[in-house]
Every structure is written in structure tokens, then in C-alpha cells.
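Following: one structure in C-alpha cells, then a few remarks.
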Amino acid sequence: MKPYSQKVDQKWQKRWDDAGLYRFREGEEGKKIYLLEMFSYPSGSKLHLGHWWNYSLPDSWGRMKHMQGFNVFHPMGFDAFGLPAENFAIRSGIHPKDSTETNIATMEHQLRQIGCTYDWETELTTCSPEYYKWTQWLFLQLYKHGLAYRKEAPVNWCESCKTVLANEQASGGECERCGNPVIRRSMTQWFFKITDYAQELLDCLPQLDWPEKTKRIQENWIGRSAGAEVAFGVEGKDLQITVFTSRVDTLMGLSYMVLAPESAYAQQVITPEYADACAAYIAESSRKSEIERTGTADDKTGVFTGSWAVHPLTGEKVPIWLADYVIATYGTGAVMAVPAHDERDFAFAAKYSLPIREVIADKKGVSQALPYCEYGSLVNSGKYTGLSTEDGKKAIVADLEKIGMGNEKINYRLRDWSVSRQRYWGAPIPIVYCPDCGAVPVPENDLPVLLPYDVEFRPSGQSPLASHKDFLNCKCPVCGKPATREADTMDTFVCSSWYYLRYPDAHNANEAWSAYKARYFMPVDKYVGGVEHAAMHLLYARFIYKALRDMGYVGGAVTAPEALGANDAENVFDRTLSGGGEPFKSLVHQGVILGTDGYKMSKTRGNTVAPDEYVQKYGSDVFRLYLAFGFSYIDGGPWKDEGLLAIARFFSKFQSAVAAYTEQGDSNSPPIEDKELEYVRHNTIRSVTADIERFQFNTAVARLMELVTAIGKYQRTPGHSQAYLRGVIEDFILLASPFIPHCADEMWEALGHTDFVYRQKWPMPDETKLLPDTIELAVQVNGVLRERVLCNADASNKEIEEAALALPKIEELVNGKTIRKVIVVPKRLVNFVIG
RNA sequence: GCCGCAGUGGCGGAACUGGCAGACGCCCGGGACUUAAAAUCCCGUUCUGGCAACAGAGUACCGGUUCGAUUCCGGUCUGCGGCACCA
């Protein structure tokens, strides 16, 4: 046996490769498990600690599942389209395709050094035409089913760079690149109708085995709000303005109406007399970024439009204002203002001297300081006076419904997903614009719409593709006349919203995936990735999967294809969850490893840890085992070099134990079990199994350390049984192998085995070895620990009680007092309540 | 402002459903082996008092429920995360 080092890594990685050890074999024995970590963006730098952290530990989980007899599918790929490569190209002149390909080659090479169980046969790259062909196909299916549409919408725009910016690039209201102010501008863009699924996305959350935190984030993001829609007439115009309100009970306190400056209503209500003032106001607020607008929350501005709205119940007329404290994209972009019971309306009314009418008092009808925004009872509200807020809402909505001016309404904060990017490095949107036929989808047979290579991608305000004539000019698929292609590309989140469906069928040239594959593999059983994707990627993927279900491409009732064989009845049964339209059954977020200073690792802080140096010095397994042991996987924590050294020490400890065994060899003596060691052995099997299962790797390693200590102790016992020791050492190797796969195979081989550890059966604990004859129980008096008592494992409560009372110390404490109660918790403690 | 999570020794972190707080490891102290050191092995290591047996305190803080609370409930403080002029 060679002492463990990076050479051992290389030896076994090659053997695994040659044997095709980690290739997934469909229909092989065992229930399918789809293990997936969020794929990486191929950046130029080397693998960082986060990659190792994100990938090596779920791999350990998958290794155990495989050894437990599951058929584990564990793919890996690259999320390769996106802005960084394009920005890099602008800076360096290196084409995004070239830099991405180089980066992928490097990263793939480095990923292999971790020694994960990836089935590289199914590797995918989202920027390859074989992949984005199907991203385009997906777009077309959504389009066909009315889930992709075009509309004008406000975007972040930098006047100086002449480009649209993502929200993240416009933070602080300044352009990330040039520092000039970012304004909001309307552009025609493609959207996916995720809002159609808002309620279902919310409703399915409880059934998911996901962190509660993540579910809350999605709930927040979807932002369901129950209320009512109310229609208001406009005096002298054939026009109704609809508002959404969660406080329709305050309708009788209406004092004015407010429209967002960008609201479509605005242009319809502005009277000539006020046109100039309004135009100036609209121009001014369009110049403000959203950040600026929200940043000046206290200072509300607005302008009167000249029009008056009609109260649907009283016929009273109230002025209609424009104000940018109303958001165009939430609700209807129009608000009924009740200053007495809304802080923002109150501030606005105070500034512009608008009337403030109290219509809600507390529950007893006692007037409160305004603005009073709590629930209470209605006052000064005509026939509704005296009703509670709840009853008032119902009564008012009922009356509005009768006259057709209102109804109950659920509103969502979630907006439709904008997928257009005026960028080069993305999947082209497969649409053609014909002067006669309008927007026409590219026929599926003509996919992919290839991304041209020779493109000028310096920002000009338009997609770089718009200036590429060969790409742009085409024939209308319907009438054959000259037409132009859509020059925008798709948001990279579209690529990643369905990649999990492609892995199992990555080489399918005829379809995105076969229905059978989708049924066999979905849902993903364990999905691992950063919490930063909680509101974006994870929501988009759920939406796309549900949309695909409704189109009939995934899920649904399934009968096992005959090819699958009998053992797949269980697999097929499990697919019913995907029938419910959820792609990720169980989700884990890894925590973050911080620098030694406790701060997030960053180059500017200079507190980064480069895995490469450690891996070269110690090998992948030492690094992996330290990651497993040193931190809670869910929480992460600060890096410590000392911890890694401790693990290196642990390596030499168990390697010398194995070496000591092999040097001595098996004597012919019969295997004689050691009771103490048997207990530790089976306790380790039980605990390690349970801990890896729930991603609590640090405690699993702690148990492995205990086992090694016990083995060492036993080995130093004169006359110990080598034949027995062998079994214990083998169990240790099997249990440790998920964390130290290379070293495990090296030791396994040293024991004379010829097959891989990965193909061995995961040990099962022998429960009988975990039942000692005697148990130590805690003895408490009035809940305070006073003594311990040794009892037979099968002692009755009465016997335990008597044994405890016989202890001199307890006897003394209890003596002369009345024992009011005795509590015996089996195998744990006995508590005397005295007084 | 609203929603959620967390706070445990000198340090990283354990404690599954209310049942012996501090597993495992680091650091530190002591011992064995050694001419010596390193390595290794053994022992100790929450705090306070005591030579010790032991006693008392202790899971951010205050209070409650309970025979018993790191765990459940109410309040406070601190840190982190999500949303936010959301009508």
C-alpha cells in the first residue's frame, strides 16, 4: 500500500475511468436516484473552494446511496452562456466562444481531480448548438401555448453605453461600467407568463422537501395579496380606472386617486390645461431610476391631471393625480388614496392639502391617531358604519359586485419573466418578423437558429446580432418574403430552467428528451446548490416544468416500459411526484466557507483559499475529508489551516492501522469478537449512515475517528484476533470511502481485493451489538443531576428506581422527605421529585 | 417597515421527537517513549470555589410552562438573509 498522496488519486481516477465505473446504467438493479448539483459557469479562474464544497460532499452522499443499492444518476455540465464571457470579450478581444471552450476544458480537467462520480458521458454545455437548439424549441412550445408573448416594458438603460443593464448592473442607480446614471426606458421585450402559475407555484411549496427558508423566499417573491378590484368612472369620459386594494373597507374614506406616471391611464385622463405640467412630471420621473424613486420614499411628489374620478358607491368626485410613489408594474398601476388609513397617502395628502377622512376606528369604535392602518371598525361610512373591517370588506364588495364595479381579487407581486437580452452570448430567440405576417415562429425543423461567430459585440444599444446582416436577413417561413430575425437572445436562466431534463438524454438528436426518459429520471431526487438561486433559478425551473407538464411533455400517469424490468415498478411509482409538476423533490443549500478572518472570501480582502495548493500537497481526499469534517454543510464557516493538518494526521493514523494489519497478515486463529470494539463498530455504521443521509458530514467523520481510535486500541491489545480485525477494518474503509474514495480503493486493494469499493455493499449495523448488558442511567433529584447508576439493560422501572434509591448519596438526599413522584425515562434517567 | 433564520467553552462545532450540555477536532497543560527534539501514544481541559470527594453557576438577556428547557411559549438585545412607497 502506498501512503496516500495525489499520485494515488491519479492512479484510481484512471482505473475508474477505464472501468466506466460511474457510467449510469439504466434499468440496472436498484431504485433510481437522480443526484444533481447546480452546474457551473465556466469562468476563467481555477476551481475555487466553493466548487469543491458544492460538489465533493453531495458526491459523498451519492456514493453512499450507490453502495446502499440505489442506481445513482449523477451528471455534470456547464451553464456556459452569459454576460461575463461577453464583457471579457469586449475587454480582451477574445471571442466568447473561444474563451468559454478553453475555460470548460480547464474546469472539466479540474473537476475530474475531485474524484466525483460524474457520468461524463452525459455532460452538457448550454452554449452548444446541440443544446440551445432545444432551448429554442422550448421557447417555441411556450409561444405555441400562449406562454411567451411580447410587450413593451420598462428596462434599465444607460444612455452613455447605449445598452440595457440587468438590475444587478444598475445598483445604486449608476451604470456598472461607466458610472453614468441609469434611467428607465420602455422597450418591447419577450416575456414568459410565469404569473399564470403564481398560485400553483405557491400551493406546491408545502409538499417539497426544501429548506423552509427557501420556501419563504419564494412565497415572498410571489407575494400573494388578497383584496378587491374597484372600478372608478372618470367624469366626462367614457373610461374606467380599475384599482387593486387590500383595504376595500376604507373605500368610503377615498379622497383622491393616484396613477403611476408610466400608467397607460395617465395619457387618457390628462386634460389639455394640465398637459404641460404632467408631461414635465412624467419626463422627470422617467429620468429617475427605480433606486432613486424608492430612495426618496419620504419625499412624495405628484401633479394633478385635471380629471376627476367618480366614487362608485357615492357618486362623489375626487381628483386624479399622477405620482411616482405608485408603481406601474404592481396591481393596475392605479391606487385609490385613503390618507386617513395609509401612511403614504397621508404624507401625500398633507403635502398637497388633500382631504383626510377618518373611516376606520379601533374595534370598539374609538377614534385613533391618523394615519391608522390597523384593522378595526368602520365609522363615518354611511350604511357600513359599525361593521368590522372583515365584514365591511365583504359588504362593500357585495355592493360593488351588484353594480358591476368591483369584485374580490387576488393580486401577486410576481411579474412575468422578461427573457429578452440585447446581448450576443445567448441562445437566439427563434422568431422572424415579416412585414406581412408579423412575428412568426421559426419552424422546428429549421432549429437551431445558429449564433454566428463573426460578430461585433461592442455595445451599440442594439443586440450585436442586429448588425449582422447574414444572421438578420431571412425569409418569412410563412409567405417567403424577405424578413428579419429577432436579434435579442434569451436570458441564461432559460437555459438553466430545463437542463435537468436534458442530462439523461443528452445525446438525443431528435428531441429534447424522450417521454420515457423524463418519466424514468424525473424528479431530481436531491438537488444541491446555493441559496442565492432561491428566487430566480429555482422558481423559473419550477414554472417551466409545470408548463411542460401542462403541454404533456413530462409527468402524467406512467406504465413501465417492458424494457425496464420488474425492479422498476418502484421507480415508475415514484414518478407520480413529477406528475404533480415539481422538478426538484428534495433540495439542500450548502453554506459558505469564509476566509480565516471570518469574512466572505474575496480577492480584494486577500483571504481566499486556493484548493489547488492543498490538493497538490495533500491529495484530493485529505481536502475532501477536511471539508466534510470542519464545517456544518448547511451553515459553512471560517477556514482553518489547523483543521486540515488535523485531518492529515488522521490519515496517517488510519493508514498505519491498515498497514499494521496487512503486515501481520491473517493468522489462522479463529475470529474472536471484541465486545467493546463491536459496539463502536456498529454504532459507527449506524451513525455514519444516518449522518450522511441528512448531509451532516461533520458528525459522520467524528464517528469515523472514534472507530479508528478504537481499532488502534484493540490492535495494541496483546493477543488480539487478526481475523476479526479484518472485518472491522473493512467496515471502516467502506464507511469512509464516500469521503476518501481514492485512498479507500488503495487500502481496499492492499487488503487483497480486486474490485472497487464503490461496488461493495454498504455495511448494515447489527442492532444486537448495540444493546449492552448494562446501562448507565442518570439519577436526578428534583431535576438536578446527583448520581449515576448502573442497571441491567432489561431492568424494569421498579428495579431501576430501587437501585437508584439504594445509592448512599440519593438515600441521604431523599431521607426524611416525601417522594411525590418518580419519573423513569427508559435507558436515560430516573428523577425523584421530593418535597 | 414586513417576513424568516441564528446567537452554545479560548476556537471550529455536537446534542435525532423536552431527558446526563459541550460528541469529534483544534489550541493549551501534564505524562510516557527518546541522549534530545520531532513524530506517536496516554491523561486533563466550560467557569467559580476546593488538595480532593464535591458544591454552585452556565447554551445572548428577562420571564413563563414543566419533575426536567440549548430544545416549547411571551418579551428584549445583537447578527444574518429575503421583500419593500406592493396600495
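Just so you know, these numbers come straight off a predicted model, no measurement behind them. Atoms considered below: every heavy atom in the structure, side chains included; atoms not considered: hydrogens, waters and symmetry mates. First the proteins, then the strands, lettered A, B, ... as listed; each starts at 1.
- Put simply, A/Y330 has a side-chain N or O that comes within less than 4.0 Å of OP1 or OP2 on B/A87.
- Taking atom P in both B/G12 and B/A60, the straight-line distance is 14 Å, to the nearest Å.
- Between A/W321 and A/F304, the ring planes are tilted. Angles from 30° to 60° get that label.
- In this structure, A/R624 fails the cation-pi test against A/F739, since its NZ or CZ atom is not both closer than 6.0 Å to the six-membered ring centre and inside 45 degrees of the ring normal.
- Distance, A/K351 NZ to B/C85 P: 18 Å, rounded to whole Å.
- Residues passing the salt bridge (Lys or Arg N to Asp or Glu O under 4.0 Å) test with A/R216, sequence neighbours excluded: A/E212, A/E219.
- One distance of note links OG of A/S418 with CD1 of A/I194; it measures 12.0 Å at 0.5 Å rounding.
- Taking the C1' atom of each, B/A38 and B/A55 are spaced 43 Å apart, rounded to whole Å.
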side-chain hydrogen bond (donor to acceptor under 3.5 Å, both in side chains) assessment of A/Q199 paired with A/Y412: CA-CA 9 Å; A/Q199 191 60 49; A/Y412 300 91; 2.3 Å; yes
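- Using a 4.0 Å heavy-atom cutoff across all strands shown, A/I217 reaches sugar-phosphate atoms only and no base atom.
- For the pair A/A535 and A/E787, both in contact range of RNA chain B, the more 5′-proximal nearest nucleotide belongs to A/E787.
- In this structure, A/H537 and A/F584 have tilted ring planes: the angle between them lies in the 30° to 60° band.
- Residues A/K809 and A/E812 are not paired through a salt bridge, judged by the lack of any N-O separation under 4.0 Å between the basic side chain and the carboxylate.
- Nucleotide B/G9 carries a syn base; the chi torsion (O4'-C1'-N9-C4 or O4'-C1'-N1-C2) is within 90° of 0.
- When the P atom is used for both B/A23 and B/G74, the distance is 32 Å, rounded to whole Å.
- If you check every strand for non-hydrogen atoms under 4.0 Å, A/K827 touches nothing.
- Between B/G30 and B/U35, the two C1' atoms lie 22 Å apart (nearest whole Å).
- Here B/A57 presents its P atom at 13 Å from CG of A/L785, a figure rounded to the nearest Å.
- Using modelled atom types, one finds no donor on one side chain facing an acceptor on the other under 3.5 Å when comparing A/N411 with A/S225.
- When distances run from any side-chain atom of A/S632 to the nucleotides B/A15, B/A14, B/C86, the shortest one goes to B/A14.
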Verdict with supporting geometry, A/M601 and A/W639, side-chain contact (heavy atoms from CB on, under 4.5 Å): CA-CA 10 Å; A/M601 287 191 193; A/W639 175 268; 4.2 Å; yes
Stepwise ring-ring contact (aromatic ring centres under 6.0 Å, His included) check, A/F631 with A/Y626: CA-CA 8 Å; A/F631 320 83; A/Y626 173 54; 5.4 Å; yes
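- A salt bridge does not link A/R247 with A/D342: none of the charged nitrogens is closer than 4.0 Å to a carboxylate oxygen.
- The side chain of A/S246 places no N or O atom within less than 4.0 Å of a non-bridging phosphate oxygen (OP1 or OP2) of B/C86.
- Taking the six-membered ring for Trp and the full ring otherwise, A/Y265 and A/F232 have centroids separated by 6.0 Å or more.
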Derivation of the side-chain hydrogen bond (donor to acceptor under 3.5 Å, both in side chains) call for A/T774 and A/N792: CA-CA 4 Å; A/T774 55; A/N792 284 331; over 6 Å; no
Criterion side-chain hydrogen bond (donor to acceptor under 3.5 Å, both in side chains) on A/S586 and A/D209, from CA distance to verdict: CA-CA 5 Å; A/S586 175; A/D209 175 25; 2.9 Å; yes
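- What separates CG of A/L594 from C1' of B/G81 is a distance of 14 Å, to the nearest Å.
- A/L805 places none of its side-chain heavy atoms less than 4.5 Å from the side chain of A/E811.
- Residue contacts for A/G636: at a heavy-atom cut-off of 4.0 Å it reaches the sugar-phosphate backbone alone, with no base atom in range.
- Rounded to an integer number of Å, the gap from A/M536 CE to B/C83 C1' is 14 Å.
- OP1 or OP2 of B/A55 lies within a sub-4.0 Å distance of a side-chain N or O belonging to A/R786.
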N/O contacts under 3.5 Å, protein versus nucleotides 43-47 of chain B?
none

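- We find that CG of A/D342 is positioned 17 Å from P of B/G1, with the value rounded to whole Å.
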Could you list, one pair per line, each protein nitrogen or oxygen that sits under 3.5 Å from a nitrogen or oxygen of nucleotides 66-75 of chain B, together with the distance?
residue: B/C67; atom: O2; partner: A/N831; partner atom: ND2; Å: 2.3

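- A ring-centre distance under 6.0 Å is found for A/F697 and A/F695.
- Ring-plane geometry between A/W53 and A/Y633 is classed as tilted, the angle between the planes lying from 30 to 60 degrees on a 0 to 90 degree scale.
- Comparing B/C80 with B/C27, their P atoms sit 31 Å apart, to the nearest whole Å.
- Residue A/K809 has its side chain nearest to B/A55 when only B/A55, B/G13, B/C83 are considered.
- In the region residues 679-689 of chain A, proximity to RNA chain B at under 4.0 angstrom, judged on heavy atoms, holds for none of the residues.
- Electrostatic pairing of A/K713 and A/E676 counts as a salt bridge here, judged by a charged N lying under 4.0 Å from a carboxylate O.
- For A/E212 and B/C5, the CD to P distance is 9 Å, given to the nearest whole Å.
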Strand RNA chain B as a dot-bracket string - pairs counted if Watson-Crick or G-U with both distances under 3.5 Å, | where the partner lies in another strand: (((((((..(((......[....))).(((((.......))))).((((....))))..(((((..]....))))))))))))....
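- A straight line from CG of A/L205 to P of B/C3 spans 18 Å, rounded to a whole angstrom.
- B/U70 and B/G13 have their C1' atoms separated by 14 Å, given to the nearest Å.
- At a cut-off of 3.5 angstrom, counting only N and O atoms as typed in the model, there is no donor on one side facing an acceptor on the other between the side-chain of A/K640 and the base of B/C11.
- Between A/V825 and A/Q696, the one whose closest nucleotide on RNA chain B sits nearer the 5' end is A/Q696.
- Within the nucleic acid shown, A/G637 comes within 4.0 Å of sugar-phosphate atoms alone, with no base atom in reach, counting heavy atoms only.
- Taking atom P in both B/G4 and B/G58, one finds a spacing of 31 Å when rounded to whole Å.
- Aromatic pair A/Y256/A/F348: centroids less than 6.0 angstrom apart.
- For A/V335, whose side chain is taken as the heavy atoms from C-beta onward, the closest listed nucleotide among B/A87, B/G19, B/C3 is B/A87.
- Per the geometry, OH belonging to A/Y626 stands 11 Å off C1' belonging to B/G13, to the nearest Å.
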Using atom names, set out every protein N or O paired with an N or O of nucleotides 24-29 of chain B below 3.5 Å, distance rounded to 0.1 Å.
residue: B/C26; atom: OP1; partner: A/R649; partner atom: NH1; Å: 2.9

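- Nucleotides B/G44 and B/G25 are separated by 13 Å at their P atoms, to the nearest Å.
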